Amino acid sequence: MFYNADEILRKNYHGILVEKANNLANEGMSSPHIHNHYEIYYLINGNSNYTIGDEIFHLEPKNIMLIPPGIPHKSSTITNLSRINIYFGRNYFSQKDISQLTKCFEKHFYTIPSELSTQFDVIFKTLLKEFTHKRPDSDLLIRNYIIILLTLLNRLRTREEINTITTDNIIKDSLVYITEHLGEELSLESVAQYAALNPSYFSRKFKSVVGTNFKNYVIFARVGRAQQLLINSDLSLAEISNACGFQDSNYFSTVFKRIIGISPAKFRRQNSN
């Protein structure tokens, strides 16, 4: 379900909106959009791809995406999923507080450590319950839980930066390299060599930073590039397959349908002007 959350936040809910969506299949945005509020996306079940700027993230249960105002982004569902979304406006907190609390939005993707999984789950479910079944003190409780949630995310961001800032930058450079060479053969070993890291260590750090393994990321990135070309070019399916590094157009069609749910040809027809 997509709507103008900016407009809703201006008119209702004291500047915050919490919603849950269940059993979504083939949900997605055909093109990136921008909004003027902060968004927290918590995946409960299922799998989803999320594109923010030039980065592609593969989401699995207990992953969190943070989308700040003014950043182009879009999502696409891979399997049936359940999610909780929280939206709050720039004026939900004071200017001083929001500048501190929203530092966690400088990092878009978070994997919740297993020791904190239950705590985060309780926070999201409590926020949803209090927002859905309003009581006289619900607004205050919601605000306090949002502060707790953002504080925990800020602590995760700080902890990860202390431990992995150098390696994270190397992985991010590798993502740029992958994006620039999607039409070529990309192996774990070759990209690890580009990053000057041992392939085994590179593989572990890649999954830790990106949220999925190297092979899956490359496939998702190639399918994402193919979606763009299907919509914005007149290239044939064979040409798109080759440009995205699939080489074999039959394999390209099989992978595309497995991830997106429909064939490349049908996707192009549905998104043609």
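Worth knowing before you read on, the calculation uses all heavy atoms, side chains too, and leaves out hydrogens, waters and symmetry mates. It should be emphasised that the depicted structure is a prediction, and the values quoted were computed from it without experimental measurement.
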(message) Is any side-chain heavy atom of C244 closer than 4.5 Å to one of L229?
(response)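 Yes - at least one pair of side-chain heavy atoms lies under 4.5 Å apart.
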
(request) Answer whether the closest heavy-atom distance between the side chains of I123 and L127 falls below 4.5 Å. (result)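 A side-chain contact under 4.5 Å exists here.
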
(request) Please list, chain by chain and in numerical order, all residues satisfying side-chain hydrogen bond (donor to acceptor under 3.5 Å, both in side chains) with S94, sequence neighbours excluded. (result)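 For S94 the side-chain hydrogen bond (donor to acceptor under 3.5 Å, both in side chains) partners, ignoring immediate neighbours, are D97.
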
Hey, what's the ring geometry for [X] with [Y], parallel, tilted or perpendicular (30° and 60° as the breaks)?
| X | Y | answer |
| --- | --- | --- |
| F109 | F57 | parallel |
| F202 | F206 | tilted |
| F105 | F88 | perpendicular |

Between [atom1] on residue [X] and [atom2] on residue [Y], distance to nearest 0.5 Å:
| X | Y | atom1 | atom2 | result |
| --- | --- | --- | --- | --- |
| I56 | K74 | CD1 | NZ | 8.0 Å |
| D173 | I171 | CG | CD1 | 9.5 Å |
| I98 | K103 | CD1 | NZ | 12.5 Å |
| K266 | S253 | NZ | OG | 14.0 Å |

(message) Taking the ring centre of each residue, are Y87 and Y38 less than 6.0 Å apart?
(response)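 Between Y38 and Y87, which both carry aromatic rings, the centre distance is not below 6.0 Å.
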
(request) State yes or no: are the ring centers of H73 and H108 separated by less than 6.0 Å? (result)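 No: the rings miss the under 6.0 Å criterion.
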
(request) Show your working on salt bridge (charged side-chain N to carboxylate O under 4.0 Å, His left out) between R143 and D139 and close with a plain yes or no. (result) CA-CA 6 Å; R143 185 180 295 269; D139 288 336; over 6 Å; no

(message) Looking at S117, is its backbone amide N or carbonyl O close enough to the side chain of D121 to form a donor-acceptor pair, meaning the two atoms are under 3.5 Å apart?
(response)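 Looks like no, no N/O pair under 3.5 Å.
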
